[in-house]
Amino acid sequence: MYTKQEIMDMIEEEDVEFIRLQFTDLSGSLKNVAITASQLERALDNKCVFDGSAINGFTRTEESDMYLYPDTSTFNIFPWRPQQGKVARFICDIHKADGSQFEGDPRYVLRKVLKEAAELGYTFNAGPECEFFLFHTDDFGNPTNVSHEKAGYFDLGPIDLGENARRDMVLNLESMGFEVLASHHESAPAQHEIDFKYDEALKTADNIMTFKLTVKSIAKRHGLHATFMPKPKSGINGSGMHLNMALLKDGKNVFRDDSDKNGLSKEAYSFIAGIMKHIKGMSVITNPLVNSYKRLVPGYEAPVYIAWSTTSRSPLIRIPSLRGEETNIELRCPDPAANPYLVLAVCLAAGLDGIKNNLQPPINIEENIYEMSEEKRMAEGIEHMPENLCDAIEKFEEDEFVQKVLGEHISNKYIQAKKKEWQEYRSQVTNWELEQYLNRY
């Protein structure tokens with residue numbers, strides 16, 4: 001944590017002229033208020049006010065004054081901005097006029113669950129695998145879902161036409177303090193992945209938001225549009241954001257048990273069971289869009305069935321091969337359109353629910369679930385993930401535990417927005433319908 005004076009000194013030494021005070025809304029979109037360096041001291045004294053009623057899902061007009069409290073540990077300078085008159089940022093917590101934390105701030109929701117974990121002696125670490133597409137823009141600079149690229153998994157240039165853009169993204173991320181583990185072309189044409197090192201969950205959520213901003217900004221400099229839309233084109237794989245999670249106690253990985261046949265502790269099994277218990281209710285958070293459920297269909301490597309495995313990649317939850325202190329649980333359903341603060345909050349809370357209640361998961365499935373018959377899946381007790389946003393909303397409304405994690409304010413506002421999204425989608429006539437029905441009927 002930087003002191004106020006250290007921040008002031010860095011701003012002056014680095015010739016920073018503009019500071020962006022960033023926060024995330026319920027939908028997972030990054031917002032900001034920009035100030036000049038002359039207003040920095042005022043911002044660090046938590047006196048920067050914005051109109052909360054202008055943000056969907058925040059507050060009503062009569063209680064609109066909200067305050068941005070900069071988290072000084074998130075201070076960073078954007079390396080892609082001008083080197084004279086630089087641009088820096090803070091990620092902020094949101095407070096109400098009386099000084100209390102705003103219950104509708106997604107960052108606050110995650111902080112609450114992390115506090116609960118800390119009271120049990122746990123630290124929650126998470127690392128994402130973020131996938132995205134790089135597409136062309138049209139003559140007006142608007143995004144398209146068009147690419148001339150034909151590259152596939154792990155291909156390299158000149159087949160991988162996005163290689164140079166991805167390289168610049170990695171270099172800029174490293175300039176901002178990221179430890180990038182790997183980057184590569186994904187399986188679908190124009191699809192890419194950049195993985196960065198896991199960290200404590202709040203920092204990971206902050207990093208995901210920074211990562212998405214960086215990727216989009218660098219793509220634009222290359223004349224491309226980066227999208228984290230889960231399924232921008234039919235007939236190819238969609239983009240996921242697999243989450244690798246671990247609990248630590250006294251610096252030791254509590255998911256580790258070298259004496260177990262799978263190398264997993266009882267806490268690990270219970271954590272898996274807790275997520276499996278609540279995953280249907282969580283799915284509207286982990287997969288928040290109508291489009292999210294176009295990705296969660298058989299045949300495109302995305303998880304459809306609620307099961308876990310130590311080897312197969314077809315179930316919802318996989319235990320990667322690394323063991324010992326690197327033992328972790330990989331949840332494969334989240335997509336990069338999700339709000340990372342809310343996703344990590346519900347994942348941790350569900351896992352802790354499993355631990356506190358000593359829940360046990362069903363037997364692990366090591367074969368390809370997609371190749372099983374429906375009868376065998378039923379005999380194994382393997383259930384299906386929600387098939388569309390409407391189904392996910394209904395499952396959320398049935399799970400009081402997940403609602404309690406988010407709190408009444410966010411639960412109500414979030415579901416109100418998702419129901420509106422579903423109704424708007426239902427009223428649309430798609431190109432598929434026109435092609436199928438217009439001539440025939």
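No hydrogens, no waters, no symmetry mates; every other heavy atom, side chains included, goes into these values. Residue numbers start at 1 and run along the sequence shown. Being a predicted model, the structure only gives us computed values, none of them experimental.
Nearest heavy-atom pair, Val284 versus Tyr414, reported as atom, atom and distance to 0.1 Å: O-OH, 2.7 Å. Here the shortest heavy-atom pairing between Val254 and Leu248 reads CG1-C, 4.2 Å.
With respect to Asp71 and Arg107, a salt bridge is recorded, a charged nitrogen being found less than 4.0 Å from a carboxylate O. Ion pairing of Glu267 with Lys249 is absent here, as no side-chain N (NZ or NE/NH1/NH2) approaches a carboxylate O to less than 4.0 Å. The pair Glu301-Arg295 fails the salt-bridge criterion, with no side-chain N (NZ, NE, NH1 or NH2) lying under 4.0 Å from an Asp/Glu carboxylate O. No salt bridge links Arg377 with Glu380; every basic N to acidic carboxylate O contact stays at or beyond 4.0 Å.
Side chain of Thr204 to backbone of Gly127: no donor-acceptor contact under 3.5 angstrom is found. A distance-only check finds a donor-acceptor pair linking the side chain of His95 to the backbone of Gly99 [under 3.5 Å]. A donor-acceptor pair under 3.5 Å links the side-chain atoms of Ser217 to the main chain of Leu213, judged by distance alone. Side-chain atoms of Ser292 come within 3.5 Å of backbone atoms of Leu289 as a donor-acceptor pair (strictly under, hydrogens ignored). At least one donor-acceptor pair closer than 3.5 Å links the side chain of Glu366 to the backbone N or O of Thr310.
Figure legend: Lys212 and Phe228 shown as a cation-pi pair, the cationic atom lying under 6.0 angstrom from the six-membered ring centre and within 45 degrees of its axis. Taking the centre and axis of the six-membered ring of Phe396, the NZ or CZ atom of Lys280 falls outside the cone set by 45° and 6.0 Å. Annotation: cation-pi geometry not satisfied between Lys31 and Phe23 (NZ/CZ under 6.0 angstrom from ring centroid, within 45° of ring axis).
Side-chain polar atoms of Asp399 and His278 form a donor-acceptor pair below 3.5 angstrom.
Here CG of Asp25 is found 13.0 Å from NZ of Lys413. Values are rounded to the nearest 0.5 Å. With values rounded to the nearest 0.5 angstrom, Ile369 atom CD1 is found 10.5 Å from His384 atom NE2.
The side-chain contact (heavy atoms from CB on, under 4.5 Å) test with Glu129 singles out one residue from His242, Glu186, Arg332, and that residue is His242.
Environment of NZ in Lys96: crowded, with over 12 heavy atoms of neighbouring residues, nucleotides or ligands closer than 6.0 Å.
Within the 4.5 Å cutoff, the side chain of Ile194 has no heavy atoms near those of the Phe178 side chain.
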